[in-house]
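Chain letters run A, B, ... following the sequence lines, proteins first and then strands; every chain starts at 1. Everything quoted here is computed from the prediction, not taken from an experiment. When reading the values below, keep in mind they use all heavy atoms of this one structure, side chains included, and skip hydrogens, waters and symmetry mates.
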Amino acid sequence: MGDTVYEFDSLPVPGLRPGTTALLTSRSAERARRFALRLFVEAGSQAVVLVTTANRASDIVTECRAAGLTVNRDRLVIVDCTGKRAWFSSARVERVSDPTNVGGIGFQFSKVSQEFVVDDVGPVGAAVFSLSDLLSGPDLQTVSRFVNTTTGRIQRTRGLGLLVLDPEEHDQRVIDTLAEFCDGRISLRYADGESRLRLSGFTDRPGEWLPYELPTE
Amino acid sequence: MIVCIDPVEGDREKTRNALSEAGFDIRGGGSLADARELLEMADTATIDCLVTEYDLPDGTGVDVVEAAREVDPDVTCVLFTDDAVDPGVFEETIAEYLAKDLPDAHDHLVSLVQESPTRHNQTAYPLPDAEADRLEALGQYALSSEASDTSLDRLTELAQLAFDVSSAAVGIIDAHNERFLACYGASFGALDREETVCTYTILDGGATVVEDLNEDPRFSGNETLIEAGVRFYAGEPLVTEEGYPIGTLCLQDDQPRSFSERERRMLSLLADEVVDRIELQHRIEDREAIPDG
């Protein structure tokens, strides 16, 4: 188990050890979500917990299905902070009043993570779509404490964590501070009809921008 | 030390026994008032973790967590309960949650608590790489403002004059606080680590310069710094011979200002001088500790 890493066959991402959390930055929230879900599929995630701050749970379920994740109430849990009207969902949905209730989000996250541990379900993929909305309310210190607690939880459960952030919306010092709590950063960009990613923090030197392609839906 | 709050004596005893068997010292209570009293009495440097039920006769576990963070912002807090909890009660209060009715719940609790002194998983600031090693290295130095020689006082005075700032200080960052070996132009008592700029300075290899703290989202709401009238900060990490950043040489001013490359170089040289003094004192103390003959 000590040598196990999550491998990604179709993406230029190196093997990541269980318990890794990455800050995933992208100007496009949709592109970040699709990338994150693909990463979970390739890592062989047996269960996934997703925090959504802007897109209703049913839309996230659609994206999960399209990415190839198993969608059922035992294996896909969505912590919905949008406050939008709930429809019947194939996934289990836990609600938090709004994205600024970071303590409530952490509580739901914690509750679900434990249940997966007890049920011996793993590996677990965990993502926050997105930290940018959490930063709209509480101060940076509170969000930092949330991120620290979350990465610790992902580390203990040996899962794979992705925290999404729009780099254009925040001061570079905010981004750098939040990146410090993570094991590394994955940056996405789209230009001239091509998707590219860059890794930093996982090795001593920032990587180059590498092309990647997600399977078409 | 673990502070354990549970209004049901039988449950409190079960938790106490599980944690005691794991080698922890436990202080227990059954209410929010008990928690406040225990937190006031305890030496905050020794509280490793707080474990609390949710429903209390005079409040909730969230109230206990908030009270704990006022005393020690870094303390790991665990809500250990099988009560139905509305996520809406938390707002900005962050704690780990563990369900009491999980199979082997107390084993999970012990694992969580055992990690708390080393992982610092609920701090509001990031930690340097190898923080545990850094603290172990720091522990080998007997550093105090009383024991440090007057050369550090002279160096902080020199820094204050050379850079024409309001104050300069030599600070040591331990697990939860920053304390000052020398300070010229101001008087700083020990500070919670999350209130300091220096805790960010030791993350990176070089100087940290904040030209205007009011414009920096990391510090703009920091009441400690606002009350101290600090608008400008420049700090250089103090790195030991083994490569561990144990503190900073830092400058403060009450006005925003810039800091040139030449000034960064000067600060770096002065910080090297501070480290040389600290290492020299360390070697002298080590030699004096060797018995004669």
| query | Side chains of B/E115 and A/R156: does their closest heavy-atom pair fall under 4.5 Å? | reply | yes

| query | If we only count heavy atoms from C-beta on, is the A/T177 to B/Y200 side-chain gap below 4.5 Å? | reply | yes

Report the distance from atom [atom1] of [X] to atom [atom2] of [Y], rounding to the nearest 0.5 Å.
{"X": "B/D74", "Y": "A/N148", "atom1": "CG", "atom2": "CG", "value": "9.5 Å"}
{"X": "B/F90", "Y": "A/I105", "atom1": "CZ", "atom2": "CD1", "value": "12.0 Å"}
{"X": "A/F181", "Y": "B/L127", "atom1": "CZ", "atom2": "CG", "value": "7.5 Å"}
{"X": "A/D139", "Y": "B/N222", "atom1": "CG", "atom2": "CG", "value": "10.0 Å"}
{"X": "A/L140", "Y": "B/F219", "atom1": "CG", "atom2": "CZ", "value": "9.0 Å"}

More than 12 heavy atoms of other residues, nucleotides or ligands under 6.0 Å from [atom1] of [X]: yes or no?
{"X": "B/K14", "atom1": "NZ", "result": "no"}
{"X": "B/D129", "atom1": "CG", "result": "no"}
{"X": "B/E223", "atom1": "CD", "result": "no"}
{"X": "A/R27", "atom1": "CZ", "result": "no"}
{"X": "A/D120", "atom1": "CG", "result": "no"}

Grab the two heavy atoms, one from [X] and one from [Y], that are nearest each other, plus how far apart they are.
{"X": "A/V96", "Y": "B/P87", "result": "CG2-CB, 4.5 Å"}
{"X": "B/P217", "Y": "A/V174", "result": "CG-CG2, 3.5 Å"}
{"X": "B/A124", "Y": "A/S144", "result": "O-CB, 3.4 Å"}
{"X": "B/P73", "Y": "A/R145", "result": "O-NH1, 2.8 Å"}
{"X": "B/I94", "Y": "A/G103", "result": "CG1-CA, 4.1 Å"}

Which bit of [X] is near chain A, if near means a heavy-atom gap under 4.5 Å: side chain, backbone, both or neither?
{"X": "B/L98", "answer": "both"}
{"X": "B/V62", "answer": "neither"}
{"X": "B/D216", "answer": "both"}
{"X": "B/T93", "answer": "backbone"}

Counting heavy-atom pairs under 4.5 Å with chain B, which one of [options] comes out on top?
{"options": "A/Q141, A/R153, A/E180", "value": "A/Q141"}
{"options": "A/P138, A/G106, A/S97", "value": "A/P138"}
{"options": "A/H170, A/E115, A/Q108", "value": "A/Q108"}

| query | Distance-only, no hydrogens or angles: does the A/T142 side chain make a donor-acceptor pair with backbone N or O of B/E92 under 3.5 Å? | reply | no

| query | By a 4.5 Å heavy-atom criterion (distance strictly below it), what part of A/V102 contacts chain B: side chain, backbone, both, or neither? | reply | both

| field | Proximity breakdown for A/V117 and chain B, heavy-atom pairs closer than 4.5 Å | value | side chain

| query | Can B/E96 and A/T149 be counted as having a side-chain donor-acceptor contact under 3.5 angstrom? | reply | no

| message | Out of B/V65, B/D104, B/V85, B/L79, return the one with the most heavy atom pairs under 4.5 angstrom to chain A. | response | B/V85

